[in-house]
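Structure, as structure tokens:
The sequence lines fix the lettering, A, B, ..., with proteins before strands; numbering per chain opens at 1.
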Amino acid sequence: MRRIAHALEAQLCTALERAFPDEVAAAQQAGTPLDPQLAPASQPEFGDFQANGALALARRLKQPPRTIAGAIVEQLGGDPAFVELCEPAEIAGPGFINLTLKPQRLAEELRARLGDGRLGVLSAADDPGHASSAELLAPVIVDFSSPNIAKEMHVGHLRSTIIGDALARVLEFRGYPVLRLNHVGDWGTQFGMLITHLKQVAPEALTTADAIDLGDLVAFYRQAKARFDADAAFQATAREEVVKLQSGDPVSRRAWQLLCEQSRREFQQIYDRLDIRLSERGESFYNPLLETVVADLQALGLLVTDAGAGCVFLEGVKGKDGQPLPLIVRKSDGGFNYATTDLAALRYRFAAAPDGDGAGRLIYVTDAGQASHFAAVFQVARRAGWVPVGGRLEHVPFGLVQGDDGKKLKTRSGDTVRLKDLLDEAVDRAEADLRRRLAEEGRTEDETFIQHTATTVGIAAVKYADLSTNRITSYQFSFDRMLALAGNTAPYLLYAVVRIAGIARKGGAGADTAVGAPGPELPAELRFSEPQEWDLVRELLKFDAVIAEVEEELLPNRLCSYLFELSQVFNRFYDKVPVLKAEEPSRSSRLALCRFTAATLKLGLGLLGIPTLERM
RNA sequence: GGGGCUGUAGCUCAGCCGGAUAGAGCGACGGUUUCCUAAACCGUAGGUCGUGGGUUCGAGUCCCGCCAGCCCCGCCA
């Protein structure tokens, strides 16, 4: 409906101009153009769209809002394009203009999308809502997941991984070249401690691949950290080790590579289960650029040495004494820290092609606790002139995964929850539930089916539960809730797809509900009569606007809400309106609705990183 | 002390650029199946939107104060 909304917007602006030519011209000159305030109707009984502009203009034009609305409506009535598109506009309440599309136009709009694999969602390059439609779309970088080498992925990596992947999928679908970067923690102090500790207690791990498994490595890491915090001598040795590593000492380097290799394979197992593609480009990648970053900050006059550390003092950020807070980019021991790396990465990503990624938009998907860090890094980058004109720089923060107690999720014994264990349990529970249902219903399915279904449902449940709340708030993790068969959950949506697909299948022709599948003989014209049919048509036509919104706001939960609402609207339709038993032309029109609903759910879930099932 | 985020129904959460009577799911209660479907549909009950001011024709939404919870604040990421 974005195209229609865009057309309506233009018609409203024209009507406004004709109704109040002097005021519109004056407002334009003043740099505050009048806005008809077109928005989706807040209630179905108000039609498809509403224009709220008349209310806001009342004071400015010194006329009652209903009079203004009346003048606009009169002009609309004289616009052939509007008359073709809409029923006569109505004035309601204090001065709202309610707009209802002609049913014929809705049916045509839907009909046009039936054979379209994109279901009417334009590539951003073709979207009339985008200013730079003619320009080539610049690459978007989504920085997400980012676990640490030599540690296991845990629940703390869940949200970044799932949200980042969903956002990347939406942006890719909209036609952007997307670079999915895994900014793994593969550098820095942690390796100094780990390598030092391993040299003493398990030297074979540093020379032989897979001498110890990752679980043990994690235990060693903990021990190393404990020693680092408690033992000054160890700390000194560890720091020397970092210097060795960073200066390219072959022994340290080899050890580091072995650790990275091993971690990488472990991470990949998780990514495979979650069906997530990532390009690894760890912190070490930017190592050669760090010196220049600091030198250039120095040359720009932004760098101040304070207590031996290289600092950029921040504007508008004050500390305890009312003094500006620094972003430290060079430690007093001469080493660099994560701020330096983040600046180097940001600069490289925006920089033009051979020496950088040439990105137009950087998206960082990390927890909300890092908000001030990113604000500081972004500020320094801007002041250094490393953010190109029009370059978008966004921290996409998210809240905590909490347990029932409202605190950060932990195991019963108080340990961090490993991602592997969490996924295992979701799948195990899905399997147990499936087996129980099969027994209850007297169904028999082979092991392959059971495993595939349980895996899909379990993983989908975890992903959907994470994506379906507004990411900025923390959410309470609950296997019971996310695996529930009813409500706003993955199993409910997956079942909706299965059921609708089944109906279409029974309808004979049109069995294939795959996205973009070549349709069966489509009816030349769709004919609808029941209100539930029109409700479904309207809901289906909202899809493109939802996708555009997710692209802009980076809020996957908007897509989740839409998919849930869509399946509810479908269920109301299917409850009241016969499909297969209907006479033509209703039958094929309704079957087309079923096919299109299934395709929309499949595509929408796919953009969330959730595959669907044919049966379950 | 400074900064950020959060506070909406019994529970878990939505709420778009400020728009008409604040929504959903779960739970509770009641109803619907001779008709493709019941993992469904319909209905009822349940709210000082933390709190006090302000801006506005209009505030859950914007601004200020306060309360509560969580998080960040010089060399970890």
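Side-chain to base pairing of Asn98(A) with A20(B): one donor and one acceptor N or O lie within less than 3.5 Å of each other. Donor-acceptor pairing under 3.5 Å, judged by distance alone, is present between the side chain of Ser42(A) and the base of A20(B). Remark: the Tyr574(A) side chain and the C36(B) base include a donor-acceptor N/O pair separated by less than 3.5 Å.
Here the separation of G27(B) from C13(B), taken at their C1' atoms, is 14 Å to the nearest Å.
The closest side-chain donor-acceptor pair between Tyr286(A) and Arg281(A) falls under 3.5 angstrom.
Nearest nucleotide to the side chain of Leu55(A), out of G19(B), A39(B), A14(B): G19(B). Here the side chain of Arg572(A) is nearest to one of C72(B), G19(B), C41(B), namely C41(B). Which of A14(B), C5(B), A77(B) sits closest to the side chain of Thr473(A) comes down to A14(B).
In this structure, Asn557(A) and Ser332(A) both approach RNA chain B, and ranking their closest nucleotides by distance from the 5' end singles out Asn557(A).
Put simply, the side chain of Arg558(A) never gets that close to the backbone of Glu549(A): no donor and acceptor are under 3.5 Å apart.
You cannot call Phe564(A) stacked on the base of A24(B); the centres under 5.5 Å and planes under 30° rule is not satisfied.
Looking at RNA chain B, the stems built from 3 or more consecutive Watson-Crick or G-U wobble pairs, each pair with its key distances under 3.5 Å, are B:1-7 with B:67-73, B:10-13 with B:23-26, B:28-32 with B:40-44, B:50-54 with B:62-66.
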